[in-house]
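Because only heavy atoms are used, hydrogens play no part in the values below, and waters and symmetry mates are left out as well, while side chains stay in. The chains referred to below are lettered A, B, ... by the order of the sequence lines, with proteins before strands, and numbering in each begins at 1.
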Amino acid sequence: MPLAVARVLVDTPLPQLDRLFDYAVPERLRGLVGPGMRVKVPLRSAGRMTDGFVIEVVDASEHEGSLSEIEDLLSTVPVLAPEVWRLARALADRAGGSASDVLRLAVPTRQVRVEKAWLAAREADSDGEATAHGDAPSPRHAAVGPVAGYRSHDLAGAVRARARLALDALPLVVELPDSPDAAAEAERRWVGQWAVTLAELAAVALADGTNAILAVPDYRDQEQLVAALEAVVDARQILRLDSRQSNPDRYRALLRARGDEPLVLVGNRSVLLAPSTRLGLIAVWDDGDPLFSEPLSPYVHARDTALLRYEQQKPALVFAGHARSTDVQRLVEIGWLTEVSPDPRYQPRVIPTTQQGSREGFAANARIPSSAWTEAKAAVEFGPVLVQVAHPGYAPRLACTECGDTARCLRCSGPLQKKNAAATPACAWCGALAVGWHCTTCENTMMRTVGTGAGRTADELGRAFPGVKVVVSDGSRPILHVDGESAIVVATRGAEPIAPGGYRAVLLLDGERMLARESLRVAEDCLRWWANATALAAHRAPVFLVGVGGALASALATWNLARFAGAELADRRHLRFPPAIRVATVTGKTDTVVKALDDLPDEIRSETLGPVDTDDGTVRAIVRFDYAAGHDVAATLRGRVIRAATDRRRIPGDPRGSNQRRAVPTLKVRFDDVEPFAD
DNA sequence: AGCACGCCGACT
DNA sequence: GTCGGCGTGCTC
């Protein structure tokens with residue numbers, strides 16, 4: 001019987017079910033069921049139903065036994081595009097995880113109303129096409145010109161030639177041309193030059209009749225990028241796909257992305273999983289941002305998603321940023337990515353000021369060197385001055401005045417915090433006000449603030465600059481834009497607003513404190529935060545890097561961020577830390593973990609770290625391996641995960657015996673997890 | 001997961 | 001002889 005068998009991926013996280021199952025297509029669904037559609041199928045015994053995706057429809061099954069029938073077809077809309085399925089399979093294989101986990105991120109659940117509206121519109125559209133079609137998206141750009149800021153490079157040509165680039169962004173802000181349909185207030189027209197660059201690259205791909213996928217870390221970046229895109233392409237060709245959208249919006253966007261018209265897909269890490277058949281460009285902005293690491297299984301970093309998708313669809317691939325991640329640097333060094341820097345070169349005016357022992361020469365509050373103070377004071381006369389700080393809130397910590405221990409909530413032991421100087425301290429976890437507080441260590445009843453948060457910095461600067469407006473922007477209450485008026489803008493790293501024309505001066509405070517965090521990537525992260533803030537300064541405006549010296553300071557001052565990434569990568573290579581190599585953590589009961597490790601080839605087995613005890617009674621080992629071995633390591637460990645999930649024995653010697661099965665997470669494998677290197 | 005199949009001890 | 005305990009294995 002022709003096309004009577006559907007091959008289905010069932011929607012379950014169970015590793016042993018992560019393959020295709022054959023089902024008979026019943027008479028009533030014959031000819032309707034197609035690849036990419038959601039179906040309901042019985043699994044194991046009739047009556048138990050699971051959702052799944054039809055991957056292909058074939059004439060006959062290779063399966064020995066008899067086939068169950070598809071129970072139901074949820075919709076005739078093929079929501080899983082073939083290229084997304086291929087990508088999901090490859091991502092799961094690389095990360096030792098299940099394809100259905102990836103699909104859960106990639107395919108939003110069905111929205112009947114959205115779907116009906118879309119089907120109706122498509123119907124109307126195809127009718128219209130037969131007669132006349134006066135509403136075709138007209139590219140706003142008559143001709144795609146050269147990409148601004150890269151004089152000697154043919155970036156447009158590179159996109160058409162599907163090149164792979166590590167693109168250094170020009171660290172300046174620019175004003176977008178007045179756009180008639182974007183009724184935006186004036187401030188919104190100022191964006192980072194990087195956004196314009198990416199928008200121009202996307203316009204090249206569109207003009208070529210292909211799609212572009214642009215991935216940004218967060219919403220604030222997305223706003224800038226969309227604004228920049230609106231200036232160079234038809235607004236109808238811009239499609240937002242991000243995790244902040246409601247499910248109907250995501251579903252609507254998915255359906256549009258499955259259409260034929262060329263689009264620019266813009267969004268956070270999830271946009272890299274969007275359907276796009278004719279893909280001409282993938283661009284990732286600021287790939288070092290931790291928001292690109294996916295917190296859900298199988299934990300694939302957006303950078304790796306982009307790389308894998310490149311392998312499958314061969315679009316142009318661009319990693320753009322101010323600072324360079326060690327990961328991209330690695331790809332440059334092996335010759336896989338081509339470096340492109342702005343031409344003419346622009347070097348921001350970064351002035352490192354190290355606090356050398358004595359406080360002499362420093363302003364009253366001792367946090368700001370007098371040279372920076374003087375310049376900031378002068379600059380604020382002409383417009384906004386940016387002050388970057390490490391911590392939000394008033395003070396990062398409150399402590400007992402006697403013993404110095406952290407002041408904790410008497411109810412839940414959470415850390416206490418203060419909203420402003422006068423506020424009663426409250427618990428950061430349960431919110432309880434700390435009235436009648438006493439120290440749990442020494443019974444003392446007084447506490448003091450330790451350190452300085454954005455709010456306190458704002459208070460201090462407000463007193464130091466009487467009459468100047470002070471604006472605070474942090475992660476919980478971010479401000480996207482400020483106006484061009486004189487103001488002190490205090491922002492936590494990553495939450496800096498954009499100022500028209502750029503800030504007249506930038507002060508990067510708390511550098512020492514940012515560097516004090518113990519993590520493999522501190523230096524890289526700090527440099528990225530500083531570089532991104534530096535890029536918000538006006539042309540040649542002073543940027544003071546306070547309290548930081550050495551290689552980091554000179555990297556920023558000379559704007560030689562790639563060289564720093566190279567040195568950092570050399571260190572990691574020496575220590576055999578990622579991203580010079582890859583890692584995978586293997587967690588579970590001791591014997592399961594040991595068995596899994598024993599499956600690995602000797603040269604990899606001998607390089608594993610641990611296993612060591614974790615706090616929940618399991619053990620964890622860290623497997624280290626070269627990129628070339630990744631495929632084999634993933635296959636081996638995945639095999640063990642399946643084995644561990646399949647053979648289920650009682651916990652030996654468990655007194656509670658009876659129905660108690662062994663502890664649920666038998667063996668967990670997580671690739672490219674940097675968390676164990678956090679300290 | 002969740003359920004059927006199957007291989008050993010107390011029962012009619 | 002066979003009812004049902006739970007350990008084992010499979011899911012088209």
Atom-to-atom span, [atom1] of [X] to [atom2] of [N] - whole angstrom:
{"X": "A/Met49", "N": "B/dG2", "atom1": "CE", "atom2": "P", "value": "15 Å"}
{"X": "A/Ile642", "N": "C/dC10", "atom1": "CD1", "atom2": "C1'", "value": "13 Å"}
{"X": "A/Asp51", "N": "C/dT11", "atom1": "CG", "atom2": "P", "value": "21 Å"}
{"X": "A/Leu17", "N": "C/dG9", "atom1": "CG", "atom2": "C1'", "value": "12 Å"}
{"X": "A/Glu71", "N": "C/dT11", "atom1": "CD", "atom2": "P", "value": "20 Å"}
{"X": "A/Arg7", "N": "C/dC12", "atom1": "CZ", "atom2": "C1'", "value": "9 Å"}
{"X": "A/Gln16", "N": "B/dG2", "atom1": "CD", "atom2": "C1'", "value": "11 Å"}
{"X": "A/Glu69", "N": "C/dC12", "atom1": "CD", "atom2": "C1'", "value": "13 Å"}

Check: So what does A/Thr50 hit on the nucleic acid, given a heavy-atom distance under 4.0 Å: a base, only sugar-phosphate, or nothing?
Finding: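 Counting heavy atoms under 4.0 Å across all strands, no contact is made by A/Thr50.
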Notebook entry, point to check: When all nucleic acid strands are considered with a 4.0 Å heavy-atom cut-off, which category describes A/Leu67: base, sugar-phosphate, or nothing?
Noted result: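 Contact class for A/Leu67: sugar-phosphate only.
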If a pair satisfies salt bridge (Lys or Arg N to Asp or Glu O under 4.0 Å) and one of its residues is in [range], list it, with sequence neighbours excluded.
{"range": "residues 61-82 of chain A", "answer": "none"}
{"range": "residues 267-279 of chain A", "answer": "A/Arg269-A/Glu294"}
{"range": "residues 2-12 of chain A", "answer": "A/Arg7-A/Asp22, A/Arg7-A/Glu56, A/Asp11-A/Arg104"}

Check: In terms of side-chain heavy atoms of A/Arg48, which of C/dC10, C/dC12, B/dC3 is nearest?
Finding: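 That would be B/dC3.
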Checklist line | Residue from A/Leu214, A/Thr210, A/Val264 passing side chain to side chain contact (heavy atoms under 4.5 Å, CB included) with A/Leu281 | finding: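 Looking at A/Leu214, A/Thr210, A/Val264, the match for A/Leu281 under the side chain to side chain contact (heavy atoms under 4.5 Å, CB included) is A/Leu214.
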Checklist line | Rounded distance [0.5 Å steps], CG in A/Asp673 versus OG1 in A/Thr585 | finding: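 One gets 4.5 Å once the value is rounded to the nearest 0.5 Å.
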Notebook entry, point to check: Which parts of residues 21-31 of chain A get close to DNA chain C, meaning a heavy atom less than 4.0 angstrom away?
Noted result: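 Hits under 4.0 Å, by residue number: A/Phe21, A/Asp22, A/Tyr23.
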Note to self: If the condition is ring pair (Phe, Tyr, Trp, His ring centres under 6.0 Å), which residues does A/Tyr219 pass it with, not counting sequence neighbours?
What the structure shows: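 None.
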Throw together a table of side-chain donor-acceptor distances under 3.5 angstrom for residues 73-81 of chain A, partners on residues two or more places apart or in other chains.
unit_1	atom_1	unit_2	atom_2	d
A/Ser75	OG	A/Val77	N	3.0
A/Ser75	OG	A/Glu115	OE1	3.3
A/Ser75	OG	A/Glu115	OE2	2.8

